[in-house]
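What you see below is based on every heavy atom in this structure, not just the backbone, and it leaves out hydrogens, waters and symmetry mates. Starting from 1, each residue takes its place in the sequence as its number. Whatever order the structure lists them in is the order used to number ligands and atoms, beginning at 1.
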Amino acid sequence: MPGRQSQRLWRKYALLGLASLVLAACSDQTLPLNTLDPRGPIAERIDSLFWLVFWIAVIVFVLVQGALLVAIVIFRDRKVDGQKEPKQIHGNALLEVVWTVIPTLILAGIAVPTIGTVFDLAECQSDSFEVEIVGRQWWFEYSYPDYGITTANVLVIPTQTEVCASMTSEDVVHNYWIPNLNGKRYLVPGSDTELRLNADESGEYWGQCAEFCGLSHAKMRARVIALDQADFDLWVEEQQEVPEPPAEGTPEWEGLQVFMQTGCAACHVISGVNEPTRQEVTVVAPDLTHFASRGVFAGATLPSGFNPTQEEREIALAAWLADPPSIKPGSFMPDLGLTAEQIEVLIVYLESLE
Ligand code: CUA
């Protein structure tokens with residue numbers, strides 16, 4: 001029968017699809033967004049609340065389904081002569097009160113730790129380490145008011161430190177989500193929200209804008225790098241440095257000329273190069289002062305892959321500079337019509353900005 005055959009085929013494909021989904025979820029190299037893998041005290045609080053509710057739900061499920069199975073077996077039609085019809089009832093006040101009161105008590109019990117956690121995580125502690133996050137289509141800008149540092153795509157934080165991110169948006173609503181470190185929190189234009197972050201150990205934690213914010217929403221990644229205090233202090237020192245301008249005639253210098261003359265400098269700022277024109281620019285793009293110190297660019301989506309080689313990085317950078325909107329649809333960085341030679345020296349210059 002062709003109908004049964006196609007049904008079997010369909011089932012096979014469904015099973016295959018399910019299996020590949022399950023297998024894909026196992027690989028944390030390609031899918032590093034795992035909310036069930038807390039890496040700090042804040043994420044752990046959310047995680048323990050999740051498991052508490054999960055196990056209560058499991059107990060309820062087993063009891064209810066168990067009772068259902070018992071009833072099905074005991075009161076089944078035995079197909080024997082003279083089997084009596086079970087007593088027919090309509091409504092039972094006592095039972096109904098019991099199965100209303102028990103769920104009410106369970107929900108009230110769950111509400112206590114839930115509301116406690118929500119309120120506890122809602123606001124930053126007063127002595128937190130401060131960073132500012134601004135959401136833009138389609139990348140995150142990070143600044144450190146106490147250190148005079150502005151960067152993009154990668155948020156660097158010290159480990160075992162309560163970090164308070166004050167967040168806002170310059171255009172539409174975005175949502176900041178680093179599943180290993182905390183839940184989601186909106187970035188709203190004209191309003192400030194706060195997000196607590198705290199990482200136990202050094203490492204990288206990936207995230208994603210979790211609110212649809214336009215064409216390249218899916219390409220608006222976030223990346224947090226947690227460094228032990230000594231490494232973090234070193235990073236701060238490096239970020240505060242103003243890079244030396246390249247010597248005339250070198251490829252880096254030629255790249256700088258491309259940066260200044262083709263339109264890049266109208267939106268991007270490099271300390272010591274086109275400062276302090278930042279306030280004058282109308283379209284704000286990532287600060288490139290220490291571009292090469294960031295592992296990623298283009299909304300933290302390039303280079304794709306998690307441990308790219310320098311060559312892969314340069315290939316991605318060349319493709320990006322040649323035609324940004326082809327890589328990030330709707331990108332406000334236009335195709336500047338750069339020649340291959342211009343792109344080559346521009347990459348040499350950008351990669352020297354460590
Ligand atoms: Cu920003 Cu989605």
Side-chain angles (χ1 to χ4, degrees), residues 24-25 28 30-35 42-43 46 121-122 124 130-144 149-157 163-197 199 204-226 267-269 278 281-288 291 294-306 316 319-320 323-335:
D28 48 330
T30 50
L31 289 169
L33 305 182
N34 187 353
T35 199
I42 297 161
I46 298 173
L121 298 186
C124 287
E130 277 180 47
V131 295
E132 289 169 2
I133 305 181
V134 179
R136 299 175 193 273
Q137 285 170 315
W138 289 273
W139 56 284
F140 291 107
E141 180 177 73
Y142 304 109
S143 24
Y144 301 71
I149 296 171
T150 301
T151 182
N153 295 321
V154 181
L155 172 65
V156 180
I157 59 170
V163 175
C164 177
S166 313
M167 310 197 296
T168 189
S169 167
E170 281 290 312
D171 35 54
V172 298
V173 174
H174 301 277
N175 195 328
Y176 201 75
W177 183 41
I178 308 289
N180 293 133
L181 302 182
N182 198 342
K184 300 167 181 175
R185 184 64 49 99
Y186 283 115
L187 292 83
V188 183
S191 172
D192 286 307
T193 48
E194 284 182 345
L195 178 74
R196 291 170 61 185
L197 295 168
E204 62 177 14
Y205 306 96
W206 287 88
Q208 170 71 38
C209 175
E211 180 71 17
F212 180 71
C213 54
L215 269 185
S216 278
H217 154 69
K219 301 207 164 195
M220 187 168 175
R221 265 196 209 150
R223 188 195 194 200
V224 172
I225 294 200
C267 302
H268 291 281
V269 163
R278 188 181 183 92
V281 299
T282 47
V283 183
V284 185
D287 184 299
L288 300 179
F291 173 80
R294 314 200 280 253
V296 285
F297 52 93
T301 54
L302 288 180
S304 51
F306 289 92
W320 171 245
D323 187 6
S326 74
I327 288 168
K328 254 171 84 178
S331 166
F332 291 112
M333 177 160 150
D335 176 358

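- Among the atoms of His217, no N, O or S atom falls under 2.8 Å of atom 1 (Cu) of ligand 1.
- With rounding to the nearest 0.5 angstrom, the OH atom of Tyr142 is 10.5 Å from the CZ atom of Arg294.
- The two residues Ser169 and His174 have their closest heavy-atom pair at OG-CD2, 3.4 Å.
- Using a cut-off of 2.8 Å, one finds that Met220 contributes an N/O/S atom close to atom 1 (Cu) of ligand 1.
- No side-chain heavy atom of Thr301 sits under 4.5 Å from any side-chain heavy atom of Trp138.
- With atom 2 (Cu) of ligand 1 at the apex, Cys213 SG and Cys209 SG define an angle of roughly 120° (rounded to 10 degrees).
- Nearest N/O/S atom of Glu211 relative to atom 2 (Cu) of ligand 1: this is O.
- Nearest approach of Val296 to Asn153, heavy atoms of both residues: O-ND2, 4.0 Å.
- Atom ND1 is the N, O or S atom of His174 at the shortest distance from atom 1 (Cu) of ligand 1.
- No side-chain heavy atom of Glu141 sits less than 4.5 Å from a side-chain heavy atom of Pro286.
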